[in-house]
Asks: 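Right, I'll just put the structure down here and ask away after.
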Amino acid sequence: MSAAATERVSGAGLARLDRLAAERGIELAADAPLAPLSTLRVGGPADRMASPRDHDALLAALRLARDAEVPYLVLGNGSDVVVADAGVRGLVIRNRARALTVDAETLRAEAGAPMAMLVKRCTADGLAGLEFGISIPGTLGGAVWANAGAHGGEMRDVLVTVDAWDPRTDSIQALANEACAFAYRDSRFKQSGEVVLGAVVQLRRDDPVAIGERVAAHQAQRQATQPLADQNAGSVFRNPAGDHAGRLIDAAGLKGRRVGGAMVSPLHANFIVTDRDARADDVRSLGELVRAAVADRFGVELLYEIEFVGAWGDLNPAPGAIV
């Protein structure tokens, strides 16, 4: 998301976007509902939305927003995000580019490829190393952007290079792992404004049955400990050093705490689940209640892992794209 993504977009800006899109043959949806595209099922509409399905179409949509001088948000599976009730100004780019190729022990995939799809392909091909990704509900691009991880593994453990587009220079770079500034649930892409287009993952050969058994074990653990049957966006907070956010929230007596249509999951305290009438404001208010209670009880400041996107008004998210 560009740094201006919470700003008001003028009618002239949207008219310029529509005109350029028509000239370039790019189809846009106006006032596109985003709640159905979010795993929390909350939030308002996008001023405009494009849904590119391949690398070239994704680049065309990104350049369209840049040339029209409107903010943009790249959206993948809609996990790990809370869309503002007021929606998203400018252009939402729903990335459906998900092509992948396998060469020996290397996998190359576009950013819109769901992590679960990549894990299943690797399992079938007898390629080990990405099993932890079965518990990452988003896309490859979002996983790279956040250095997502589970079951003791992280994306930085397997990434060789990341293809990224820089809107400042309209250039694409293949960035080596060490150039991506990966840290716990962080990367350079959260600050730089570069957009992840794809990545190369290094794997190793193993018995497909053994790989499948590890994947199944991860799935069973996730199903037993996380509220997968409920609407959620994944882990709400990052784990503080030497501890777990869920343990602190549980110890503060907050399981089952509710604000409007949002509730701290009784199954896993680091998840907020929503009902049919929930609003994004409910999720944020509950998150702030949890942060305050944990800080008061334990003196620990919980940091959000989920991202608040769109027109929140008082928030100024870091530049970059969430995929």
Side-chain angles (χ1 to χ4, degrees), residues 1 38-43 77-84 115 132 135-138 142-156 182-187 189-191 221-222 224-228 230-275 278-310 312 314-318 320 322-323:
M1 180 172 59
S38 158
T39 57
L40 273 174
R41 300 294 189 265
V42 298
N77 281 359
S79 60
D80 206 37
V81 297
V82 186
V83 178
M115 288 297 294
F132 68 89
S135 295
I136 299 174
V144 171
W145 187 85
N147 185 31
H151 311 294
E154 293 181 309
M155 292 305 298
R156 64 176 164 183
F182 288 121
Y184 175 62
R185 302 301 175 264
D186 200 7
S187 74
F189 308 109
K190 286 195 173 186
Q191 289 78 39
Q221 180 184 356
R222 186 171 176 237
T225 60
Q226 298 180 10
L228 302 185
D230 298 315
Q231 297 172 170
N232 73 85
S235 296
V236 176
F237 301 102
R238 302 182 185 192
N239 288 325
D243 210 334
H244 291 86
R247 189 200 70 79
L248 292 167
I249 298 166
D250 189 9
L254 296 172
K255 276 188 174 180
R257 181 66 63 90
R258 176 180 288 272
V259 172
M263 180 178 65
V264 176
S265 170
L267 182 61
H268 193 309
N270 198 22
F271 282 70
I272 289 177
V273 299
T274 57
D275 61 28
R279 295 172 54 82
D281 279 343
D282 298 338
V283 176
R284 184 179 175 193
S285 295
L286 182 56
E288 289 303 305
L289 183 156
V290 168
R291 292 183 76 219
V294 169
D296 181 65
R297 177 82 179 271
F298 302 109
V300 176
E301 180 185 8
L302 292 178
L303 301 177
Y304 283 111
E305 183 169 325
I306 57 174
E307 297 284 336
F308 295 91
V309 301
W312 287 94
D314 62 330
L315 293 181
N316 185 26
I322 300 170
V323 189

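If you read the sequence from its start, that first residue is 1, and numbering goes on from there. Just so we're clear, the structure is a prediction, and the values are computed from it rather than from any experiment.
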Asks: Would you name the heavy atoms of Leu40 and Ile272 that are closest together and state the gap between them?
Replies: CD2-O, 3.8 Å
Asks: Just by distance, do the side chain of Tyr184 and the backbone of Asn239 share a donor-acceptor pair under 3.5 Å?
Replies: yes
Asks: Nearest 0.5 Å, what's the CG-CZ distance between Leu286 and Arg291?
Replies: 12.5 Å
Asks: Quick one: closest heavy-atom pair of Ala269 and Val264, and the distance?
Replies: O-CG1, 3.4 Å
Asks: At what distance, to the nearest 0.5 angstrom, does CG of Asn147 lie from CD of Glu154?
Replies: 4.5 Å
Asks: Between atom CD1 of Ile136 and atom OG of Ser79, what is the distance when rounded to the nearest 0.5 Å?
Replies: 9.5 Å
Asks: For Val294 and Ile249, what are the C-alpha separation, side-chain angles and deciding distance, and is it a side-chain contact (heavy atoms from CB on, under 4.5 Å)?
Replies: CA-CA 6 Å; Val294 169; Ile249 298 166; 4.1 Å; yes
Asks: Say whether, by atom type as modelled, one donor and one acceptor occur between the side chain of Ser187 and the main chain of Trp145 under 3.5 angstrom.
Replies: yes
Asks: Could you tell me if the side chain of His151 sits less than 4.5 Å from the side chain of Gln221, heavy atoms only?
Replies: yes
Asks: Do Thr274 and Gln231 have a side chain donor and acceptor closer than 3.5 Å?
Replies: yes
Asks: Under 3.5 Å, is there a donor-acceptor pair between the side chain of Arg238 and the main chain of Glu305?
Replies: no
Asks: Treating His244 as the side-chain partner and Gly246 as the backbone partner, does any N or O pair qualify as donor plus acceptor under 3.5 Å?
Replies: no
Asks: Can you give me the closest heavy-atom contact between Ala150 and Phe132, atom names plus distance?
Replies: O-CB, 3.1 Å
Asks: Tell me whether Asp275 is salt-bridged to Arg258, with the criterion being a basic N under 4.0 Å from an acidic carboxylate O.
Replies: yes
Asks: Under the side-chain contact (heavy atoms from CB on, under 4.5 Å) rule, what do Arg257 and Met263 come out as? Steps first, then yes or no, please.
Replies: CA-CA 6 Å; Arg257 181 66 63 90; Met263 180 178 65; over 6 Å; no
Asks: Are there over 12 heavy-atom neighbours, none belonging to Arg222, within less than 6.0 Å of that residue's CZ?
Replies: yes
Asks: Just by modelled atom types, is the Phe237 backbone N or O under 3.5 Å from a matching donor or acceptor in the Ser235 side chain?
Replies: no
Asks: Check Ser265 against Val273 and note the closest heavy-atom contact, atom names and distance.
Replies: CB-CG1, 4.1 Å
Asks: Check whether any side-chain N or O of Asn232 sits under 3.5 Å from a backbone N or O of Phe271 as a donor-acceptor pair, and report yes or no.
Replies: no
Asks: May I ask you to decide if Gly253's main-chain N or O and Arg297's side chain share a donor-acceptor pair within less than 3.5 Å?
Replies: no
Asks: Any heavy-atom pair between the side chains of Leu289 and Leu254 that's under 4.5 Å?
Replies: yes
Asks: Out of Arg284, Arg185, Glu288, which one pairs with Tyr304 under the side-chain hydrogen bond (donor to acceptor under 3.5 Å, both in side chains) rule?
Replies: Glu288
Asks: Dump the intermediate steps for side-chain contact (heavy atoms from CB on, under 4.5 Å) on Leu302 and Val290, then the final yes or no.
Replies: CA-CA 9 Å; Leu302 292 178; Val290 168; 4.2 Å; yes
Asks: Please name the pair of heavy atoms, one in Pro227 and one in His268, separated by the smallest distance, quoted to 0.1 Å.
Replies: CD-CB, 4.2 Å
Asks: Roughly how far apart are Glu307 CD and Asp80 CG, rounded to 0.5 Å?
Replies: 6.5 Å
Asks: Before giving the answer on side-chain contact (heavy atoms from CB on, under 4.5 Å), spell out for Ile306 and Val81 the whole-Å C-alpha distance, their side-chain angles and the decisive distance to 0.1 Å.
Replies: CA-CA 5 Å; Ile306 57 174; Val81 297; over 6 Å; no
Asks: Are any non-hydrogen side-chain atoms of Pro240 and Leu248 less than 4.5 angstrom apart?
Replies: yes
Asks: Is a donor on one side and an acceptor on the other found under 3.5 Å between the side chain of Asp282 and the backbone of Gly261?
Replies: yes
